[in-house]
Amino acid sequence: MSEVNVQLKNGAQASLPAPVTVADALKRLDRDAAKQALIARVNGREVDLDFKLEAAESGDAVQIEAVLPGTNDALYVLRHSTAHLLAAAVLDLFPGTKLGIGPPLLDDPRYGFFYDVIAPQPLTEADLPVIEKRMRDLAKRNVNYRRDEIAKAEALHIFAERDEPLKVELIEEKGGETVSVYYIDNTPFIDFCVGPHVANSNRLKAFKLLAISGAYWKGDQERPQMQRLYGTAFFTQEELDAWVKQREEAERRDHRRLGRELDLFSIQEQYGQGLIFWHPKGGAVRKEMEDYLRDELIKRGYGLVFTPHIAKRKLWYISGHEENYADSMFAPTELEETEFRLKPMNCPFHIGIYKSAQRSYRDLPLRYAELGTVYRAELSGTLHGLMRVRGFTQDDAHLFCTPETVLREIVDCVDFAYSVFKTFGFERFKVELSVKGNDTTKGYLGSDEDWSHAETALVGALDERGIPYERIEGEAAFYGPKIDIKVEDAIGRLWQLTTVQFDFNLPERFELEYIGEDGQAHRPVMVHRALFGSVERFFGVLIEHYAGAFPMWLAPVQIAVLPITDRINDYAESVARNLRAASLRVETNVRSEKIGAKIRTAQLQKIPFMLVLGDREMEEGTVAVRERSRGDIGVMTTEDFKALAQRLVESRALVNIAESGV
RNA sequence: GCCGGCGUAGCUCAGCUGGUAGAGCAUCUGAUUUGUAAUCAGAGGGUCGGGGGUUCGAGUCCCUUCGCCGGCUCCA
């Protein structure tokens, strides 16, 4: 009888009669791993546990490795198998359902897997508990997941017979000579799938269906719309519970909810979708954001510019927006036989300023910055609170420089971005370098030399600062490569904010020039750069990052003055006036309520400081200070408190006074 | 834009199989004068998103439209 030599990573070896399944081999070598394993790697390749090891032709030992819970690979398999279970349950409950694809998701913080289906009748949210129940029932039956390798023709036949046109389409596209399919025993489910999968449904214990939504087949708007059922799965109920809790935390921080509760902003149906109204409290935050940014811009050598919101349509032909971006622009409007169009971007306007005079190499680099409000015709379904809107203000800047100075400019942009985000309390970042891909349909502009020169500058800047980044081919816009900086918020979500982009397009189209040392005209290098991206969106990110509890310098109301009885009201007003004179934002609560109620109100408004004032404070000219996150911190003179509050504001401290040490 | 869900007082929500709207909070008024997360009482407030239809009768059923939510697509 032939044998196969198997070996674990730890060196354990055995010679077993072939063929033998991976599961049996593992049992011989490591009982514990055999019990825990979801799948295994055989000579590095992921396989099911019932994969049969044949007698090796060479004498080399077959390397086996159990893939164990706690690893991403195992979680991936778990979710993939749970997606299959979902499909099986749906087929079981709704015969005639057509299946699309059902992949696991690891990077998506919202969901763990999905399956796209077309059910005979549309499924609704109310069906989710029913489907989930059936999944549990199936899981408890300890049914086997079984792989089969069959000829492509046979697979096509099977799925055609089952009237699964989408699967047929997939097999035709993807399948080789033979294809692999997976069964779940005792269910009507078969899937065209490379696997691997768990051996038995008893491994699927902690899962939850989450949502149902529409999805186009293959993401193509022209193809039929299917229903996507989302769920997630973990190895233990505890992990699932923790994940659900995190999700609730995200919900608690939802900027749309906090925006209303804290009276920061609104969006009003009768005025239009995706248009933001900044209320006084949101306005106070915006003013601080903008003041800070403008001060920094000036310190860093930017010129602040202001440009119109609308321009002749002809301009947008020159810029190429009419050609490439018209779908995202508001329709033209006419005045005295001239057409105008709202601006979706600021670039052409900054170019206008550049072109208003002849530029010498001595003038460069020129840095124009604007908090420029733009309008974009976003589809209604994409709108989302402050995050995706139709009118917003970009903290936009354009750098015009010579090829020699561009590296320095990029380094400065990156430094600027990091400095800004640290001020707002972001500590972790993810940087992406998007470069040209091979896709010729994208119509990349600029020569190969341009692209490689630009990439050298971008990479040079990141390397100079020792910033790790991911290089993504094909992600660049057709007009140039870029660096995107994503920040991680307080609960670990990533937000794409900063972008630094080369532009080979506009300088050509607008025939930008500068006179070089040689007296000849040269084309300047143009870089677009936004830090916040959009002021509205960044505000939304901040609301969620802080959960509405803004640090002192940004807080819409910084201090609540709370007199204990109405005898104290005059003193309270005088304290408030005193603080306001120092540019602090103060509200006084003179309602005839008990102090506990006033504190509660202030606390719910997340006001950083409360001053509790009674007879003692009035007599002594002091204030009893209560800090938002720490409660009562004792009595001090009004002047001492004022100085403390000012220090916190000026230092843009992110935390309360005890932690900041002021 | 597409798919699904939802739209009742400022907010959060109740309102069963159709019988002509309700709670809590908020608001206002009065009482209370309070020492660190909700004092008590009373009052006002809704063309049930808009329009059309079915019906003796529609918040409830149907159609349509607008908006919101979750996704998809899009984000040169």
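Chain A is the first sequence line, chain B the second, and so forth, proteins listed ahead of strands; every chain is numbered from 1. Quick note: numbers below take in every heavy atom, side chains included, and nothing from hydrogens, waters or symmetry partners.
Which of B/A76, B/G1, B/G35 sits closest to the side chain of A/Ile595 comes down to B/G35. With distances taken from any side-chain atom of A/Asp632 to the nucleotides B/U36, B/U33, B/G70, the minimum falls on B/U36. When distances are taken from the side chain of A/Thr382 to each of B/C74, B/A76, B/U36, the shortest belongs to B/C74. Across B/U36, B/C74, B/C72, the shortest atom-to-atom separation from the side chain of A/Arg388 is found for B/C74. Listed nucleotides: B/C72, B/A76, B/A37. Nearest to the side chain of A/Ile599: B/A37. Here B/G35 is the nucleotide among B/C68, B/U73, B/G35 with the atom lying nearest to any side-chain atom of A/Ile564.
Checking the phosphate oxygens (OP1, OP2) of B/U27, a side-chain nitrogen or oxygen of A/Arg591 falls inside 4.0 Å. The side chain of A/Tyr111 places no N or O atom within less than 4.0 Å of a non-bridging phosphate oxygen (OP1 or OP2) of B/G70. Put simply, A/Tyr230 has a side-chain N or O that comes within less than 4.0 Å of OP1 or OP2 on B/C72. At the phosphate of B/G71, neither OP1 nor OP2 sits under 4.0 Å from any side-chain N or O atom of A/His384. For the pair A/Arg257 and B/C11, the criterion of a side-chain N or O lying under 4.0 Å from OP1 or OP2 is not met. Contact annotation: A/Ser592 side-chain N/O to B/U32 OP1/OP2 distance is not under 4.0 Å. Proximity of A/Gln227 to the phosphate of B/C3: no side-chain N or O atom is located under 4.0 Å from OP1 or OP2.
Although no hydrogens or angles enter the test, the distance criterion places a donor-acceptor pair under 3.5 Å between the side chain of A/Thr498 and the main chain of A/Leu531.
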- Item | Residue pair A/Phe609, A/Phe641: steps toward the ring-ring contact (aromatic ring centres under 6.0 Å, His included) verdict | CA-CA 10 Å; A/Phe609 287 99; A/Phe641 173 74; 5.4 Å; yes
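Straight-line distance from the CD atom of A/Glu620 to the C1' atom of B/G35: 14 Å, rounded to whole Å. The separation between A/Glu593 atom CD and B/A37 atom C1' is 12 Å, rounded to whole Å. In this structure, CG of A/Leu128 is placed 19 Å from P of B/C3, rounded to the nearest angstrom. Here the P atom of nucleotide B/U73 and the CG atom of A/Leu379 are 13 Å apart, to the nearest Å. Here the C1' atom of nucleotide B/G30 and the CG atom of A/Asp566 are 14 Å apart, to the nearest Å.
Taking each heavy atom of A/Val590 and A/Glu573 in turn, the nearest pair found is CG1-OE2, 4.1 Å.
Comparing the C1' positions of B/A43 and B/G71 gives an interatomic distance of 45 Å, to the nearest angstrom. Nucleotides B/A41 and B/U60 are separated by 36 Å at their C1' atoms, to the nearest Å. A distance of about 14 Å separates the P atoms of B/C16 and B/G49, rounded to the whole Å. Taking atom P in both B/G18 and B/C25, the straight-line distance is 33 Å, to the nearest Å.
Mapping A/Tyr325 and A/Leu613 onto RNA chain B via the closest heavy atom, the residue that lands nearer the 5' end is A/Leu613. For the pair A/Asn505 and A/Thr565, both in contact range of RNA chain B, the more 5′-proximal nearest nucleotide belongs to A/Thr565.
In this model, no side-chain donor or acceptor of A/Arg567 finds a partner on the base of B/U33 within 3.5 Å. Looking at A/Arg256, its side chain has no donor and acceptor atom pair within 3.5 Å of the base of B/C68. Side-chain to base pairing of A/Glu617 with B/G35: one donor and one acceptor N or O lie within less than 3.5 Å of each other.
The only option from A/Phe504, A/Phe478, A/Trp451 that meets the ring-ring contact (aromatic ring centres under 6.0 Å, His included) definition with A/Tyr444 turns out to be A/Trp451.
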